[in-house]
Amino acid sequence: MKANVVSHSLPMPKIYNALPPPRDELDQVLAFLYIGPNVPTLKDFRQTPMLVRHNKVARALEWLKSNHSDYTDLDISYDNLNDYPEDEPPVIINYTQSMQSNKDPESTAVDDTEEEDGTDKGDCPFIVHGLTGSNLERLGHSCPHEITARAVEYFKSCGKVLGTGQAEQPESIYDNPQLYPQMFPWLFPYGLGGLRNVMGYKVVSEEK
């Protein structure tokens with residue numbers, strides 16, 4: 001079996017000469033959606049991965065500028081960095097309540113899983129919603145197209161997706177030493193090591 005890979009460059013709406021970008025421009029590309037029974041507090045924010053640590057970001061950018069060949073001309077904006085809060089996400093926070101009931105969200109216990117308080121008449125049943133045990137294990141096994149059917153149902157109900165365009169012409173692998181370092185930056189942390197890169201210990205041939 002043989003396979004060919006074709007790579008296209010992705011559109012860049014804006015190239016920054018200084019990092020990090022201004023805080024007010026982050027809202028154009030990033031949003032924070034919090035779903036829960038209560039409005040998020042500062043304690044909740046401390047448990048999310050959306051916080052910015054000034055010293056961590058500054059050290060990462062300084063290392064990048066000093067060590068990566070594609071970022072030698074980077075301007076580090078410490079003024080922009082200082083505008084980022086450290087105790088809450090630096091972007092717009094959208095809150096969606098996950099429970100629509102007669103309960104007071106602020107006084108609901110952590111282990112209280114009932115949707116509503118009280119009952120109209122008769123017995124008060126205890127119901128657990130979701131897939132557990134064998135039902136969860138068999139999801140997609142007894143009916144291979146079950147997951148696909150759920151995805152189709154999502155699109156029919158006007159579910160949203162993110163589409164990313166690409167350049168019209170594919171990237172060439174010949175005489176393009178920065179192609180692989182730019183495609184796989186975690187494999188080339190210094191921006192070096194691509195095919196025919198003359199700044200390495202030895203030139204790596206495109207034929208091998």
Side-chain angles (χ1 to χ4, degrees), residues 5-36 38-96 98 160-206 208:
V5 176
V6 179
S7 60
H8 294 259
S9 61
L10 301 179
M12 296 294 176
K14 186 174 183 179
I15 303 296
Y16 287 96
N17 294 321
L19 291 177
R23 180 187 176 186
D24 55 357
E25 295 187 12
L26 285 181
D27 294 332
Q28 302 175 11
V29 295
L30 189 65
F32 181 80
L33 176 61
Y34 188 92
I35 301 177
N38 304 322
V39 177
T41 64
L42 291 179
K43 181 179 179 181
D44 295 323
F45 289 144
R46 286 196 294 267
Q47 300 176 5
T48 69
M50 294 290 293
L51 300 182
V52 176
R53 302 300 185 203
H54 294 173
N55 60 330
K56 298 290 186 180
V57 175
R59 290 176 58 186
L61 291 176
E62 290 166 356
W63 185 95
L64 199 64
K65 180 179 176 66
S66 301
N67 296 278
H68 199 291
S69 60
D70 290 335
Y71 290 87
T72 55
D73 58 347
L74 171 67
D75 292 330
I76 302 177
S77 177
Y78 294 96
D79 291 336
N80 289 347
L81 181 59
N82 290 331
D83 287 338
Y84 285 45
E86 290 192 301
D87 55 354
E88 66 179 14
V91 294
I92 291 179
I93 302 170
N94 295 319
Y95 166 67
T96 299
S98 60
K160 297 182 180 180
V161 296
L162 175 63
T164 304
Q166 65 183 29
E168 182 177 354
Q169 298 295 328
E171 291 290 324
S172 174
I173 65 174
Y174 300 105
D175 197 22
N176 190 359
Q178 289 305 102
L179 176 63
Y180 288 115
Q182 291 176 348
M183 290 176 60
F184 309 104
W186 56 92
L187 298 179
F188 303 89
Y190 294 90
L192 303 174
L195 300 179
R196 300 190 64 177
N197 190 307
V198 298
M199 300 182 64
Y201 175 75
K202 61 182 296 186
V203 177
V204 180
S205 173
E206 294 175 349
K208 297 182 180 180

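Since the structure is predicted, the reported quantities are computational estimates derived from the model, not experimental observations.
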Quiz prompt | Inter-residue atom distance Q178.CD - D70.CG, 0.5 Å rounding | solution = 4.5 Å

Quiz item: Can you tell me how far the CD atom of E88 sits from the CG atom of L42, to the nearest 0.5 Å?
Solution: 7.0 Å

Quiz item: With under 30° as parallel and over 60° as perpendicular, where do the rings of Y180 and F184 fit, or are they tilted in between?
Solution: parallel

Quiz item: Would a distance-only check, ignoring hydrogens and angles, find a side-chain to backbone donor-acceptor pair under 3.5 Å from R46 to D87?
Solution: no

Exercise. Measure from the side-chain N and O atoms of H54 to the backbone N and O of Y84, and report whether any donor-acceptor pair falls under 3.5 Å.
Key: yes

Quiz item: Distance from K56 atom NZ to L51 atom CG, nearest 0.5 Å?
Solution: 13.5 Å

Practice problem: Measure across N17 and L74 and return the closest heavy-atom pair with its distance rounded to 0.1 Å. | Solution: O-CD1, 3.7 Å

Self-check item: S69 (side chain) donor-acceptor with G191 (main chain) under 3.5 angstrom
Solution: yes

Practice problem: State, with a plain yes or no, whether a side-chain heavy atom of S77 is found less than 4.5 Å away from one of L19. | Solution: no

Practice problem: Considering non-hydrogen atoms only, spot the tightest contact between F188 and L192 and give its length. | Solution: CD2-O, 3.0 Å

Self-check item: Minimum-distance pair of heavy atoms, taken over all atoms of P90 and R23
Solution: O-NE, 3.2 Å

Exercise. For residues D79 and D83, determine if any side-chain heavy atom of one lies less than 4.5 Å from a side-chain heavy atom of the other.
Key: no

Exercise. Nearest 0.5 Å please: distance from the OH atom of Y190 over to the CH2 atom of W63.
Key: 5.0 Å

Quiz item: Of the non-hydrogen atoms in P20 and N80, which two are nearest, and what is the gap between them?
Solution: O-ND2, 3.1 Å

Exercise. May I have the step-by-step check of side chain to side chain contact (heavy atoms under 4.5 Å, CB included) for M50 and F45, ending in yes or no?
Key: CA-CA 8 Å; M50 294 290 293; F45 289 144; over 6 Å; no

Quiz item: So, for K65 and D73, which heavy atoms are closest and what is the spacing to 0.1 Å?
Solution: NZ-C, 4.1 Å

Self-check item: Heavy-atom pair of closest approach, residues D44 and T48
Solution: O-CG2, 3.3 Å

